[in-house]
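Note sheet for the following structure.
In this text the structure is predicted, and so the values were computed from the model without any measurement. One-based numbering, in listed order, for ligands and for the atoms of each.
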Amino acid sequence: MFYLTTAIDYTNGAPHLGHAYEKVLADVIIRYRRLRGEEAYYLTGVDQHGQKVQQSADQEGVHPATFVKRTTRQFLNLWEKLGVHYDGWAETTDPRHQACVQGILSDLQHCGQLYKSTHCGHYSVRQEQFLQDRDRDEAGNFGPQWGEVTLIEEENWYFRLSEHTPWLKEFIEKHPDVITPAFRRTELLNALERSSGTDLCISRPKERLHWGIELPFDADFVTYVWFDALINYISFAGYHAAPGSGLPDFAKLWDLSVRRPTHLIGKDILVPAHGIYWLCMLHAMGFADAHLPRLLVHGFWNSKGGDKLSKSTGNIVDPDALADKFGVDAVRYYLVRDIVTGKDSDFDLERLIMLYNTELANELGNLCNRALNMSQRFTAGILRHGGPPSADDLTLQHSLTESTAAYQAAMDECDVSHGLEAISRHVVHCNGYAERMKPWALNKDPANQERLASVLYHLAESVAHAAVLLSPILPDAAAKLASQLKLPSLTTLKLADLCWGLLPDGHAIGQPKPVFPRLVVEGA
Ligand code: MSP
């Protein structure tokens, strides 16, 4: 089983482009694994507790439960609009999740992993954590990333994180597959080198924060939002679920026979949340090394010039409005095309339009138009394999084999951008082939009928393969192409079916209709 989760999004505001990127990327990866013939499960959801939510709700004068209900809807609507199909949906206010978190807390308390203590220190409201001296900048101040910082003295519950960090260091060193890309693993190891033997504060007094999961052994406290949220990856996978909960079978999802479960997260939440807290939490719960997840860390979409996309800088890009204006295909395509998984990229509307118009509307659109329209006009929509392949035909077939292999190699590594580049290479090759073979000229002389059939077949077969390869990224557009080509349903076609001859001799195609209309921008 390929079990993939994403970070769960904060519900203290509306979804932004970074959220959309991660969920679309996960959707593409899951669809690709299914195309490979694997069983796959995608869990995503929302992080509904914590101080940020409580503050936003207070500002509006509504109860946090009412507030998160509304913001959660915005996420659900966006995923529906963007064609993000998940199998499991995690909401941290779900009583099944709360029961799981409380069960884990009780177990950890019983085995002496939790203790109560008083701490006086600087507290960041924005990041909802106590700060250490190492969090100060060179001038000795706490930088703007921490927001408002106040000095507080408080009694709280702590998790004996420091007991697990020596194990964690060794574990990360021994298992390079656990953190990808590799430079993020180095970053985590460096952070572990610097981290002193501090434990993790896992509670917040109710007088300061009431919006959270109550500690099962101390009703004056709620659980720290990160401790609560991280558990979603197992609670919604059925870990310690009550019979009849409707949650999946944990052993089936957390199946280690092929690979570790994958958590897809952004670079900002590797250290310390996932790379340190989460792995140590699982270790404390008794998960063996072989049962720990893999962290796949993606980069950030920034605004042009490298600035952070954030509400505070006013640089927010609304993915919902973007999809309304440019269409879902253009948004999905751009979000995974113009960024290399693991690296950052600058969001650039001109590039969104340019990449869609060049690679989809012009190149692929042109190829579809040639393959389907000319087949309808010249051979009544019937595809024939034609005579023996010419040298040009063989080169085209070779280009397809090479592009498919490159696509597969890239997609296996979740490198969607290079996967798409590989498809584009073949599409460009096909358009060059059409220019040279000139089917429109061949059609003028009945003596060329066999050659004409061969050329049209090569173009149509290429479109059929491209539709299958594109289906994880652009499922709707690929389904439209498949239907025009009268291919079997894309859900039944697998990567292994992609050998030359997917379209049988004598295959009848349907009526063509443009799938990638050019984006026309006002004023351009
Ligand atoms: N709620 C926590 C995660 C808890 S997971 C147990 C959180 N939420 S978030 O809403 O701030 O971020 C959700 C995801 O979106 C994270 O993986 C984060 O890295 C990602 N992104 C947030 N901004 C982003 C960009 N500008 N670009 C790409 N991804 C970004 O952290």
Side-chain angles (χ1 to χ4, degrees), residues 4-26 43-53 56 68 71-72 74-75 78-79 84 88 90-93 97 100-101 104 126-129 145 147 184 202 211-213 223-237 261-279 281-282 293 295-313 315-319 322 334-336 338-348 416:
L4 180 75
T5 63
T6 66
I8 49 173
D9 299 316
Y10 282 132
T11 43
N12 60 324
H16 58 66
L17 195 80
H19 297 139
Y21 164 57
E22 185 177 277
K23 275 61 196 174
V24 168
L25 175 61
L43 173 74
T44 190
V46 280
D47 192 351
Q48 297 170 312
H49 288 131
Q51 200 150 341
K52 291 182 208 177
V53 168
S56 304
V68 293
T71 47
T72 295
Q74 291 179 288
F75 283 90
L78 181 64
W79 305 150
V84 170
E91 290 189 4
T92 51
T93 53
H97 170 74
C100 184
V101 170
I104 290 169
R126 180 188 293 171
Q127 302 299 341
E128 304 187 35
Q129 68 185 71
Q145 73 275 25
R184 294 286 174 208
I202 55 129
W211 185 236
I213 301 178
T223 313
Y224 171 43
V225 67
W226 269 106
F227 195 93
D228 155 2
L230 287 162
I231 289 175
N232 94 87
Y233 302 133
I234 55 175
S235 64
F236 289 97
T262 303
H263 298 331
L264 177 66
I265 56 166
K267 63 175 185 179
D268 58 326
I269 56 174
L270 171 66
V271 180
H274 285 79
I276 302 180
Y277 302 164
W278 180 228
L279 297 181
M281 282 164 67
L282 287 166
L295 306 177
L296 173 58
V297 187
H298 65 74
F300 259 43
W301 275 104
N302 297 317
S303 61
K304 228 169 158 179
D307 293 339
K308 220 177 149 212
L309 283 176
S310 77
K311 264 204 257 182
S312 50
T313 52
N315 278 330
I316 206 84
V317 178
D318 177 4
L322 214 55
Y334 180 70
L335 281 181
V336 290
D338 212 21
I339 189 167
V340 172
T341 310
K343 306 231 171 101
D344 288 359
S345 190
D346 289 354
F347 177 78
D348 183 340
V416 185

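Atoms of ligand 1 found under 4.0 Å from any heavy atom of Asp47, numbered from 1 in the order shown, are 1 (N), 2 (C), 4 (C). Residue Ala7 approaches ligand 1 through these ligand atoms, each under 4.0 Å from one of its heavy atoms: 5 (S), 14 (C), 16 (C), 17 (O). Residue Leu230 has at least one heavy-atom neighbour below 4.0 Å for each of these atoms of ligand 1: 6 (C).
Looking only at distances, a side-chain donor or acceptor of Ser345 sits under 3.5 Å from a matching main-chain atom of Asp338. A donor-acceptor contact shorter than 3.5 Å links the side chain of Glu22 to the backbone of Ala7. At distances below 3.5 Å, not a single donor-acceptor pair connects side-chain atoms of His49 with backbone N or O atoms of Ala229.
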For this session: Begin with the C-alpha distance, continue with both residues' side-chain angles, and end with the deciding distance and a verdict on side-chain hydrogen bond (donor to acceptor under 3.5 Å, both in side chains) for Thr11 and Thr72.
Result: CA-CA 6 Å; Thr11 43; Thr72 295; 4.9 Å; no
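Under a 4.0 Å heavy-atom criterion, Ala273 is not in contact with ligand 1. Look at Trp278 and you'll find every heavy atom at least 4.0 Å from all atoms of ligand 1.
Listed by chain and residue number, His263, His274, Trp278 satisfy the ring-ring contact (aromatic ring centres under 6.0 Å, His included) test with Tyr233 (two or more places apart in sequence, or in another chain).
Contact annotation: for Ile269 versus ligand 1, heavy atoms closer than 4.0 Å belong to the side chain alone.
Checked by distance only, ligand 1 and Tyr21 stay at 3.5 Å or farther apart across all their nitrogen or oxygen atoms. Ligand 1 has a nitrogen or oxygen under 3.5 angstrom from a nitrogen or oxygen of Trp301. Residue His274 places no N or O, backbone or side chain, under 3.5 Å from any N or O of ligand 1.
Residues Thr6 and Ala26 share a closest heavy-atom pair of CG2-CB, 3.4 Å.
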